[in-house]
Amino acid sequence: MSRFSIPMKIADNSRFNGESMALFSREPALQAKAFHQQLPGYQPTPLHSLSGFANQLGVANVWVKDESQRFGLNAFKMLGGAYAIARLYCEKYHLDIQHFSFEKCRNAKQEKMTFATTTDGNHGRGVAWAAKELGQHAVIYMPKGSSQERVDHITRLGAECIVTDMNYDDTVRLTMRTAAEHGWEVVQDTAWEGYTQIPTWIMQGYATLAVEAVEQMPQPPTHVFLQAGVGAMAAGVLGYLVDVYGAQALHSVIVEPERADCIYRSGCSGTLSVVGGEMNTIMAGLACGEPNPLGWPLLRNCSHQFISCDDRVAALGMRVLGNPLLGDAAIISGESGAVTMGVLAAVMFHPEKNSLMQRLGLNEQSRVLLISTEGDTDVQHYREVVWEGKHSISGCNNQEHQND
C-alpha cells in the first residue's frame, strides 16, 4: 500500500467534561423526527457498512450515513430549515406542530411571509424548498465565490438568490440588516444576541439523522467524526448521541478545513475564536469563520478532539467513497460530506499510521460513525476531483502531521 501524508492538525480537548445540554438531547430530537416522518416522501437515509474499508483501516466497523438521499435535495440541511420554518409558522398562527401540514397551511388564506437566509448552498436549498411547500417567499444570500450550479438549485425552487462580494459571515450580517429593513423572517443556522430560537430549532431538526442512525446501527458506535462549519450540525447530532450513549463512551472528533477552522481554534484556546478573510476552501458548506454560540458549549464539553485539515483530505474522501473496495457500497459524497472519510483514509495511508490510530483511540474493536452530509451538489467540481484528480495527493509525501 502507498504511504503519504496530508497536512492535518489534531488537538486534544483539554476542557472535555462530558456535560450534555437539554436543548440538544433525546426529547427534542425525537420531536423533530416525528415532524419529519409525517412529511410526504419521508424515509430514513441509508446507513452503509463499509466492512472492506474497515478491515483495511484496522477497525471493526465504519458506518456512513448517506444524506445525499434526503428528500431528493442531495443534502441533510432541509431537516433543519423545514423544521424551523414549520415551528415559526405554527408559533405565528398559534398552531400545534404535531398536526402541522405544509399542504393545509399552503392553502390557508394567511398573509405571505418572506424567509431570508445566508447559505453556502445546502441550507438555502432547504429553506427555499420549505418556503415553496408552504406557499411563501424566500430570499437567499450566498457568499462570494458560490458556484452557479448551487445558485441554480435554489432558484429552481422559486426563491430569489443573491450572490454577494463578501465572505459567509459578512453575508450573514447583510442578510440580517436587509431582513430587518423589509420585515422578513431570518432562518439562520447560527445564533447571536437576541436571535436564538430559530437556530435552536434548526439544530434540533438536524438531530433527526442521528435518531435514524442510532436505530440503524446494529451496535453502539465507539467513535463519531463530525464535520463543522459554524458547528450547528455537529452540536445537534452530537447532543443526541451523547444523551443516548454517554459522552465518555463515545470518542467524538470534530473536523474542519484549515482555512475556516473556527471550532478547532476555539477548542485550542477554550474560548470562541473567529477566522476572517475569504476562507477559500473546496468545502463550501464548511467555509464559516464564526462558531455558533449555541452549539459551542456542547462541542467544548463533549468533543474529545478537533481536527483542522488540508482540502486534499476532503478530495481523498470523495475518491475513496466513490470508488470503494469490493463489497462496499459506492457513495457519492461532496466536498463537505466526504472530509471525515478523508481523515480516516489519510490515517490509513500515513507512514505513521499506528501512532495516529493510537492518538485517535482507534483499534480493532472500534466502530466508527461518519455522516456524508451531501452528495455532488456541485457536479462539475465533483467530477474534477473524482474523475480528473483535482486536489490530488501528489507532493504530500514529505508533509508531516502535527499534534497540538
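None of the values given here were measured: they were computed from a predicted structure.
- Ion pairing of Arg125 with Glu374 is absent here, as no side-chain N (NZ or NE/NH1/NH2) approaches a carboxylate O to less than 4.0 Å.
- Around atom CG of Leu47, more than 12 heavy atoms belonging to other residues, nucleotides or ligands sit under 6.0 Å away.
- The residue from Thr373, Asn122, Asp189, Thr119 that alone fulfils the side chain to side chain donor-acceptor pair (under 3.5 Å) condition with Lys77 is Asp189.
- Under a 4.0 Å N-O distance rule, the pair Lys33/Glu215 qualifies as a salt bridge.
- Between Ser252 and Leu238 the shortest heavy-atom distance is CB-CD1, 3.7 Å.
- The structure places CZ of Arg3 at 10.0 Å from NE2 of His350, a figure rounded to the nearest 0.5 Å.
- Leu209 and Val237 make their closest contact through CD1-CG2, 3.8 Å (heavy atoms, listed as atom of the first residue, atom of the second, distance).
- Looking at Glu67 and Thr45, their side chains do bring a donor and an acceptor atom within 3.5 Å of each other.
- Side-chain contact between Ser49 and Asn61: present, with at least one pair of heavy atoms (C-beta onward) separated by less than 4.5 Å.
- Around atom NZ of Lys112, more than 12 heavy atoms belonging to other residues, nucleotides or ligands sit under 6.0 Å away.
- Side-chain N or O atoms of Asp169 include one that pairs as donor or acceptor with a backbone N or O of Gly289 at under 3.5 Å.
- Side-chain contact between Leu23 and Leu298 is absent, with no heavy atoms from C-beta onward closer than 4.5 Å.
- At a threshold of 4.5 Å between non-hydrogen side-chain atoms, the residues Glu256 and Leu286 do not count as touching.
- Of all non-hydrogen atoms in Asn13 and Leu299, the two that sit nearest each other are ND2-O, 3.9 Å.
- Atom CD of Gln38 sits in a crowded spot, with more than 12 heavy atoms from other residues, nucleotides or ligands closer than 6.0 Å.
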Practice task
Assess whether salt bridge (Lys or Arg N to Asp or Glu O under 4.0 Å) is satisfied between Glu352 and Arg359, documenting all intermediate values.
Solution key: CA-CA 11 Å; Glu352 297 181 25; Arg359 181 77 191 278; over 6 Å; no

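- Ion pairing between a basic and an acidic side chain is recognised when a charged N comes within 4.0 Å of a carboxylate O; Glu335 and Arg150 show such pairing.
- Between the Arg15 side chain and the Arg300 main chain, no donor and acceptor come within less than 3.5 Å of each other.
- More than 12 heavy atoms of other residues, nucleotides or ligands shown are found within 6.0 angstrom of NZ on Lys353.
- The shortest distance between side-chain heavy atoms of Glu133 and Ile85 does not fall below 4.5 Å.
- Checking Ser372 against Asp66 by side-chain atom types alone, no donor-acceptor pair falls below 3.5 Å.
- Taking each heavy atom of Leu57 and Met357 in turn, the nearest pair found is O-CE, 3.4 Å.
- Between Ala128 and Ala138 the shortest heavy-atom distance is CA-CB, 4.2 Å.
- Side-chain atoms of Asp310 do not come within 3.5 Å of backbone N or O of Pro7 as any donor-acceptor pair.
- Ring geometry for His251 against His304 counts as parallel: the plane angle stays under 30°, on a 0 to 90° scale with 60° as the upper cut.
- Contact annotation: the side chain of Glu91 approaches that of Trp201 to within less than 4.5 Å [non-hydrogen atoms, C-beta and beyond].
- Met142 contributes atom CE, which lies 10.5 Å from atom OH of Tyr168 (distance to the nearest 0.5 angstrom).
- In this structure, His36 contributes its side chain and Leu79 its backbone to a donor-acceptor pair below 3.5 Å.
- Residues Val214 and Pro221 are not in side-chain contact: their nearest non-hydrogen atoms beyond the backbone lie 4.5 Å or more apart.
- The local environment of CD in Gln358 is sparse, with at most 12 non-hydrogen atoms from other residues, nucleotides or ligands closer than 6.0 Å.
- Paired with Val62 under the rule side chain to side chain contact (heavy atoms under 4.5 Å, CB included), one option of Leu369, Asp328, Asn55, Leu344 passes, and it is Leu344.
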Exercise for the section: Give the intermediate values and the outcome of side chain to side chain donor-acceptor pair (under 3.5 Å) for residues Gln380 and Glu384. Expected result: CA-CA 6 Å; Gln380 179 178 342; Glu384 288 173 352; 3.2 Å; yes

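- Ring geometry for Phe102 against Phe100 counts as perpendicular: the plane angle is over 60°, on a 0 to 90° scale with 30° as the lower cut.
- Heavy atoms from other residues, nucleotides or ligands lying under 6.0 Å from CD of Gln197 number more than 12.
- The pair Lys9-Glu258 fails the salt-bridge criterion, with no side-chain N (NZ, NE, NH1 or NH2) lying under 4.0 Å from an Asp/Glu carboxylate O.
- In this structure, the side chain of Thr117 engages the main chain of Val187 through a donor-acceptor pair within 3.5 Å.
- Side-chain N or O atoms of Gln136 include one that pairs as donor or acceptor with a backbone N or O of Leu134 at under 3.5 Å.
- With rounding to the nearest 0.5 Å, the separation of CD1 in Ile6 from NE2 in His391 is 12.0 Å.
- Atom CD1 of Ile97 is separated from atom OH of Tyr83 by 6.0 Å, given to the nearest 0.5 angstrom.
- The closest donor-acceptor contact from the side chain of His381 to the backbone of Ser147 lies at 3.5 Å or more, if one exists at all.
- Between Ile254 atom CD1 and Ser303 atom OG the span is 3.5 Å, to the nearest 0.5 Å.
- Remark: Leu294 CG to Ile202 CD1 distance equals 10.0 Å, nearest 0.5 Å.
- In this structure the side chain of Met283 never reaches within 4.5 angstrom of the side chain of Gln227, judged on heavy atoms.
- Phe71 places a side-chain heavy atom less than 4.5 Å from the side chain of Leu39.
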